[in-house]
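Treat the numbers as computed from the prediction; the structure is a model and nothing was measured.
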Amino acid sequence: MGSDGMVRRAYKYRFYPTPGQENLLRRTIGCCRLVYNKALAARTEAWTARRESVSYNQTNTMLTGWKKTEELAFLREVSSVALQQSLRHLQAAFSNFFDGTADYPRFKKKSRGGAATFVRSAFTWDGRTLRLAKMDKPLDIHWSRPLPDGAYPVNVTISLDSAGRWHVSILVEEHVTALPKAEGKVGVDMGVQSFATLSTGEKIDNPGLRKRNAKRLGKAQRDLARKRKGSNNHRRAMLKAARIQARIADRRKDFLHKLSTRIVRENQTVVIEDLAVKNMSRRCKPETDPANPGHYLSNGQTAKRALNRGITDAGWRMLRTMLAYKCEWYGRRLVVIDRWYPSSQICSTCGKNTGRKPLNVRAWTCPACHTTHDRDVNAAKNILAAGLAVNVCGDQRKHHNN
């Protein structure tokens, strides 16, 4: 966010293309996916075979050459801006990889839909209607909320999700006013049974969206498994399962947006843990049976599977991302403490470290001060105390010395 309060914010809407527009958009998305994958393959091959780095400008030159070939002449039928933007996205993916913030870029799949980005030279906007390059009619957009007054799109991204829905994301620059200062400070402890527990003692129930839709989703996935791949029945069954998954994802995102907005509005300082979700939802390590070579002992994976589903369904990382940019927009402070801080082991009253506790222990009594704690509320209070210490002295609170 700039010093003047200007931010770039994307507004996402559903739209309903005509058959001609849908045909053009599907071809555009397919060409963007093809160009992205060919450029990724070329850059990977150049490095593995010859230890050569390929820049964005070089891939742009490759794109010009591909358009001149007979087998790829169809690339000239769609907007060149969208194809160039797909190369920029690939360059950004490689930059994130070299910075250590993302994995190596992967090839795009048709089954996951796709997207195409248009900059200002590839669309027209008159304040009410949006028309893309090579289209004779504007898009039929469902304006679920208005754009900021006087805002002009910086770029426009058209996306098709796996459920067959079309969306347009309009990126604009707007001024965000910081909220009035609040007196509240809160620590947030993430969980599965209760989605979040606040240091104030409030527990926020886990909506359990996947569990509530497990029967419908399971039936749709079983039907999909019985269909022959590549058949029309398989495509219809895959679309049905994808729509159920999309509904779950939409409801989860709505829940997280409302919760994060409420937390940011009510508190000046928000403290959370740096959770390693990928590690927490990892499968149990296999245990071989020394008495029977080639056989394995029970390692608890059956019980761990349910916990893993709850963790991945919760959306902890998405909540952290929302809190981060909303705190930046509205003048709040987000503190993320170290993941190894023993928040559930320390008594929030006297500071005694009472050691690790199994997950089935939801309440315990401190042997030093004899205070009875709710496990999650106590952890949230310790998280808040650690975050305030970071604010004051920069201590990451990796270790707690009694």
Side-chain angles (χ1 to χ4, degrees), residues 7-36 74-86 88-89 108-174 176 220 232 235-258 261:
V7 300
R8 287 191 169 187
R9 181 184 290 183
Y11 289 79
K12 192 173 183 179
Y13 305 94
R14 284 285 301 272
F15 76 94
Y16 304 89
T18 63
Q21 289 175 337
E22 182 172 0
N23 181 34
L24 176 60
L25 291 174
R26 285 185 179 274
R27 285 189 288 128
T28 302
I29 289 175
C31 290
C32 290
R33 180 174 57 250
L34 173 65
V35 168
Y36 183 96
F74 58 85
L75 293 177
R76 299 197 295 267
E77 299 175 2
V78 301
S79 173
S80 60
V81 173
L83 301 182
Q84 291 170 347
Q85 286 299 117
S86 65
R88 292 187 184 276
H89 293 161
K108 294 184 180 294
K109 296 182 179 180
K110 183 178 180 180
S111 60
R112 296 183 179 179
T117 301
F118 300 81
V119 296
R120 288 184 175 180
S121 61
F123 66 84
T124 57
W125 168 257
D126 63 3
R128 293 179 298 176
T129 59
L130 177 68
R131 180 180 300 175
L132 301 178
K134 298 184 180 291
M135 286 189 181
D136 56 352
K137 294 181 180 179
L139 297 178
D140 180 16
I141 302 175
H142 176 64
W143 298 102
S144 54
R145 56 175 173 167
L147 287 174
D149 293 336
Y152 192 91
V154 176
N155 64 45
V156 170
T157 300
I158 302 296
S159 60
L160 173 66
D161 63 14
S162 57
R165 303 178 301 179
W166 288 97
H167 293 92
V168 55
S169 180
I170 303 175
L171 183 68
V172 299
E173 289 185 344
E174 63 173 311
V176 176
N232 290 333
R235 281 190 288 270
R236 282 192 287 267
M238 185 168 58
L239 184 62
K240 182 178 180 180
R243 285 173 176 167
I244 299 175
Q245 294 276 23
R247 176 174 172 80
I248 294 173
D250 290 343
R251 296 173 69 184
R252 180 189 298 115
K253 189 176 295 185
D254 178 72
F255 167 75
L256 295 177
H257 268 300
K258 291 176 179 177
T261 299

Approximate separation, where rounding is to 0.5 Å, of Tyr16 OH and Leu139 CG = 13.0 Å
What class does the angle between the rings of Trp166 and Phe15 fall in, given that below 30° is parallel, 30 to 60° is tilted and above 60° is perpendicular?
-> tilted
Just wondering, do Pro153 and Leu171 contact through their side chains at under 4.5 Å, heavy atoms?
-> no
Heavy-atom closest contact (Ser111 atom, Ser162 atom, distance) = O-CB, 3.7 Å
From Glu173 CD over to Arg8 CZ, what is the distance, rounded to the nearest 0.5 angstrom?
-> 4.5 Å
Scanning both residues in full, the closest heavy-atom pair of Ser159 with Lys12 reads OG-CE, 4.4 Å
Non-hydrogen atoms of Ser86 and Tyr36 that approach each other most closely | O-CD1, 3.5 Å
Evaluate whether atom CZ of Arg247 has more than 12 neighbouring non-hydrogen atoms of other residues, nucleotides or ligands under 6.0 angstrom away.
-> no
What are the two closest non-hydrogen atoms of Arg243 and Ala163, and how far apart are they?
-> NE-O, 3.6 Å
Report yes if some heavy atom in the side chain of Tyr152 is under 4.5 Å from a heavy atom in the side chain of Arg120; otherwise report no.
-> yes
Test Val156 against Ser169 for side-chain contact (heavy atoms from CB on, under 4.5 Å), laying out the working first.
-> CA-CA 6 Å; Val156 170; Ser169 180; over 6 Å; no
Measuring from Thr28:OG1 to Glu77:CD, what's the distance to the nearest 0.5 Å?
-> 10.0 Å
Go through the steps to decide whether Leu25 and Leu160 satisfy the test side-chain contact (heavy atoms from CB on, under 4.5 Å), and finish with yes or no.
-> CA-CA 9 Å; Leu25 291 174; Leu160 173 66; over 6 Å; no
Rounded to the nearest 0.5 Å, the NE2 atom of His257 sits from the OG1 atom of Thr261 at a distance of 7.5 Å
Heavy-atom nearest pair, Ala151 first then Trp125, reads O-NE1, 3.7 Å
Between Pro146 and Tyr11, the two heavy atoms sitting closest are O-CE2, 4.2 Å
Within 6.0 angstrom of Arg112 CZ, more than 12 heavy atoms from elsewhere = no
Tell me which donor-acceptor pairs under 3.5 Å the side chains of residues 126-136 have, and how far apart each pair is, sequence neighbours excluded?
residue: Asp126; atom: OD1; partner: Arg128; partner atom: N; Å: 3.0
residue: Asp126; atom: OD1; partner: Thr129; partner atom: N; Å: 2.8
residue: Asp126; atom: OD1; partner: Thr129; partner atom: OG1; Å: 2.9
residue: Asp126; atom: OD2; partner: Thr129; partner atom: OG1; Å: 3.0

pair Ile158-Gln21: side-chain heavy atoms closer than 4.5 Å | no
From CD (Glu22) to CD1 (Ile29), nearest 0.5 Å | 9.5 Å
When Arg252, Arg251, Lys258 are each screened for salt bridge (charged side-chain N to carboxylate O under 4.0 Å, His left out) with Asp254, the one that passes is Lys258
Between CD on residue Glu174 and CZ on residue Arg9, distance to nearest 0.5 Å = 4.0 Å
